[in-house]
A.B. asks: 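A single structure is presented below for examination.
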Number of protein chains: 2
Amino acid sequence: MTLNGAAGGNDKGKRVAAMDGKTKNRPLTPPPDGGRPTLKTIAFMTGLGITTVSRALKDAPDIGAETKERVRLVAKQIGYQPNRAGVRLRTGKTNVISLVLTLEEEIMGITSPMVVGITEVLAGTPYHLVVTPYSATKDALAPIRYILDTGAADGVIISRTEPHDPRVALLTERGLPFVTHGRTEMGVVHPYHDFDNERFAYEAVRELVERGRKRLVLLEPPPHLTFYSHMRAGFERGLRDFHADAVSFHHINIDHTLVEIRDAFETLMRADDAPDGIVSGSGSGAIALIAGLEAAKKTLGKDADMVSKVPSDFLRWLRPEVVTMYEDIRVAGRELAKAVIGHIDGQQSETLQSLSQPELQAAVPVSIKR
Amino acid sequence: MTLNGAAGGNDKGKRVAAMDGKTKNRPLTPPPDGGRPTLKTIAFMTGLGITTVSRALKDAPDIGAETKERVRLVAKQIGYQPNRAGVRLRTGKTNVISLVLTLEEEIMGITSPMVVGITEVLAGTPYHLVVTPYSATKDALAPIRYILDTGAADGVIISRTEPHDPRVALLTERGLPFVTHGRTEMGVVHPYHDFDNERFAYEAVRELVERGRKRLVLLEPPPHLTFYSHMRAGFERGLRDFHADAVSFHHINIDHTLVEIRDAFETLMRADDAPDGIVSGSGSGAIALIAGLEAAKKTLGKDADMVSKVPSDFLRWLRPEVVTMYEDIRVAGRELAKAVIGHIDGQQSETLQSLSQPELQAAVPVSIKR
DNA sequence: CAGCGGAACTGTATCGTTACAGATTTACCC
DNA sequence: GGGTAAATCTGTAACGATACAGTTCCGCTG
């Protein structure tokens with residue numbers, strides 16, 4: 001291999017551009033070392049122009065096959081990684097996915113496994129996960145506006161959807177890719193992942209009726225959230241199909257504090273028409289219900305049975321008499337991440353919708369026999 | 001107010017720079033609207049140079065008081081927010097704090113309240129929180145190297161520290177601000193926040209001995225983590241001071257699965273020299289211990305008492321007979337965030353160290369009297 | 001051999017910001 | 001009046017990447 005001039009060699013007889021000394025695209029000076037490599041570094045090492053290197057790394061059609069190979073090799077050797085700020089400034093692409101969370105969303109820690117699931121998927125991509133919180137007591141639109149106004153992310157993940165969700169309307173209108181954890185009812189087709197709460201409640205009723213329970217109560221989500229109606233619908237369909245009655249508990253929902261839930265439920269359980277079957281829409285809520293039931297001097301499994309949706313397996317360890325249906329939040333996180341990326345990549349929203357089914361949690365495995 | 005030329009007015013008789021038409025710093029054309037405002041927008045509106053606007057917003061000493069006022073007013077009116085990519089490219093400042101997490105760190109969801117605590121503090125700053133995961137089974141240094149190599153963050157939060165932690169060594173050597181959740185023993189002074197596990201174990205022993213327990217067992221952290229020795233030290237100091245004996249359970253620690261812990265503990269509880277007092281270093285571990293104890297046909301509160309460290313209040317709702325000491329992870333998140341920012345701002349590391357004390361959790365409040 | 005098309009590569013301008021080195025004006029002094 | 005310092009403002013270049021509009025050279029055609 002021959003070397004022609006200061007620039008790197010090229011022994012295939014190709015012409016070498018004139019070096020008039022005023023070029024900036026063909027770096028003649030080695031980049032100051034110590035810093036991380038840039039396109040300039042590779043350009044210097046290969047003797048190519050910065051533009052060529054950039055295009056070679058993108059596999060552009062107007063770059064020679066051998067050149068691409070050389071560039072890729074050098075880039076890999078020196079561990080080149082594109083400067084995110086440079087890309088972002090020039091192209092607007094942030095390579096950021098924003099997870100928008102309520103600060104209050106913290107009961108029973110739904111966030112942890114979700115973040116894990118999301119990052120598992122993002123690990124194989126150039127995307128970073130940025131957590132953008134908001135106070136539920138304030139404006140849920142604020143973080144969305146911030147992201148839109150500052151171009152802070154390429155995609156957004158939101159949860160706690162409402163049937164007519166202003167965040168979904170805004171994001172759709174402004175064309176920013178997003179995915180929701182939960183569905184909407186706005187006639188807008190958008191990516192989502194959801195847990196089948198209708199099915200959950202229906203199966204819960206079936207389970208309770210099979211255990212001989214007839215007077216059922218539901219600890220439901222707050223009415224403004226979409227999955228409220230899903231869960232209620234499943235509950236009521238179950239009541240009809242399996243011939244059971246509902247006991248009213250509408251003044252309390254899973255967003256109430258544990259103490260509130262317990263106190264209200266204790267009152268209910270002391271009433272003459274106390275329920276004998278309980279469907280709990282949340283794992284932490286279930287704990288408060290159990291406490292209320294026991295405060296009313298009733299016994300779980302005897303005076304009443306309970307089916308609860310749970311995000312972990314604590315309840316089944318501590319109260320195996322509760323029937324638990326597992327909602328895998330980690331999987332949800334994975335699905336959500338895949339869906340936003342799909343949306344960013346221009347896939348059809350219809351293909352980015354998924355529903356996960358409740359799984360009846362098996363009993364804790366018993367290892368030691370006696 | 002008079003207007004001189006296309007540029008905004010200035011009626012105090014100050015000179016107006018010659019407009020030779022080739023300037024780029026004094027924008028003569030309105031910025032393309034629809035986009036978000038930049039310094040150029042403000043420069044156009046005020047008739048000032050871009051540089052002046054930039055310096056005015058930073059309150060630089062060489063800008064007139066009235067000019068600053070005008071610039072600030074316009075900036076506020078049009079909702080100017082600096083472009084992060086521009087700043088980052090030019091200055092290297094990312095305005096990012098990176099939370100480095102193990103994907104496996106998920107038992108009992110320590111992450112949720114931590115993320116909430118951190119974002120609560122960051123909300124009042126220009127910092128964003130980026131979650132950077134790694135697989136504990138692989139190289140814990142990988143994410144640190146990534147951040148260092150790509151300049152991905154201004155500050156880093158790490159947890160699960162070891163006495164000689166290579167991450168701390170690397171970050172210190174490379175001068176990137178960080179804070180650890182947990183201490184180290186390397187002779188390196190660095191910001192940290194930690195829970196006083198020594199005190200926790202000591203007080204736990206006191207509590208158990210006061211309840212008449214004499215043969216105590218500790219469910220400890222894995223030995224390679226720093227707080228292992230803290231907790232052990234507190235436990236042993238307690239044994240000495242309060243005259244109790246230790247029952248060995250060293251082959252199991254809080255990183256084992258719940259099933260492993262339960263099975264091992266069941267075996268232990270069936271032995272002749274079974275313990276009568278239990279100190280659990282983790283809330284989820286406590287659940288497995290309870291299960292093991294009950295599998296061995298023993299009763300909590302009768303055959304043995306337990307004190308556990310917990311990050312939430314489930315255990316006290318479901319098993320009020322367990323004495324729980326609360327570790328407030330949300331507060332930890334806040335402290336960690338404050339400490340990294342302090343470190344970034346150049347505060348002395350010594351002043352950025354804090355230790356939170358275990359609080360004996362009060363019983364669940366009883367509201368309904370009968 | 002002029003002309004032309006295509007392959008392969010390159011220069012320039014630009015995104016938004018800031019460091020740095022001027023530039024202009026005014027005030028003031030001898 | 002000339003010189004100087006202080007106050008205030010401005011232009012240019014640069015950070016790293018990319019879009020776009022060339023440029024160079026080759027082979028081929030008529």
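By convention in this document, chain letters (A, B, ...) are assigned in the order of the sequence lines, proteins followed by strands, and residues within each chain are numbered from 1.
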A.B. asks: With sequence neighbours left out, what residues match A:Asn83 under side-chain contact (heavy atoms from CB on, under 4.5 Å)?
C.D. replies: A:Arg36, A:Ala85, B:Leu89

A.B. asks: Whole angstrom is fine here: how far is it from CZ in A:Phe44 over to C1' in D:dG16?
C.D. replies: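 Computing the A:Phe44:CZ to D:dG16:C1' distance gives 18 Å.
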
A.B. asks: Among residues 87-98 of chain A, which contact DNA chain C at a heavy-atom distance under 4.0 Å?
C.D. replies: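 Those residues whose heavy atoms fall under 4.0 Å from DNA chain C, taken from residues 87-98 of chain A in numerical order, are A:Leu89, A:Arg90.
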
A.B. asks: Side-chain contact, heavy-atom cut-off 4.5 Å: A:Lys93 with A:Ile344?
C.D. replies: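 In short, these two side chains touch, coming nearer than 4.5 Å.
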
A.B. asks: Which residue, A:Ile147, A:Ile144, A:Asp149, forms the side chain to side chain contact (heavy atoms under 4.5 Å, CB included) with A:Arg174?
C.D. replies: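 It is A:Asp149, the one option of A:Ile147, A:Ile144, A:Asp149 that forms the side chain to side chain contact (heavy atoms under 4.5 Å, CB included) with A:Arg174.
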
A.B. asks: Who are the side chain to side chain donor-acceptor pair (under 3.5 Å) partners of A:His343, not counting sequence neighbours?
C.D. replies: none

A.B. asks: Measure distances between side-chain N and O atoms of B:Asn83 and base N and O atoms of C:dC15, and say whether any donor-acceptor pair falls under 3.5 Å.
C.D. replies: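 There is none.
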
A.B. asks: From CG of B:Asp59 over to P of D:dT8, roughly how many Å is that when rounded to an integer?
C.D. replies: 13 Å

A.B. asks: Which part of the nucleic acid, if any, lies within contact of A:Gly86, taking any heavy atom under 4.0 Å across all strands shown: a base, the sugar-phosphate backbone alone, or nothing?
C.D. replies: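 Base, at least one base atom sits under 4.0 Å.
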
A.B. asks: Expressed as a whole number of angstroms, how long is the span from B:Ile50:CD1 to C:dC15:C1'?
C.D. replies: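 B:Ile50 atom CD1 is separated from C:dC15 atom C1' by 12 Å.
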
A.B. asks: Rounded off to whole Å, could you give me the CG-to-P distance for the A:Leu57 and D:dG16 pair?
C.D. replies: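 That distance rounds to 16 Å.
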
A.B. asks: What is the ring orientation for B:His181 with B:His193, classed by angle as parallel under 30°, tilted 30 to 60°, or perpendicular over 60°?
C.D. replies: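 B:His181 vs B:His193 ring planes: parallel.
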
A.B. asks: Would you please say whether a donor-acceptor pair under 3.5 Å links the side chains of B:Thr132 and B:Ser98?
C.D. replies: yes

A.B. asks: Rounded to whole angstroms, how far apart are CG on A:Leu39 and P on D:dA19?
C.D. replies: 12 Å

A.B. asks: With a 4.0 Å cutoff (strictly under), does any side-chain N or O of A:Asn25 reach OP1 or OP2 of C:dT10?
C.D. replies: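 The answer is no; no side-chain N or O of A:Asn25 sits under 4.0 Å from OP1 or OP2.
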
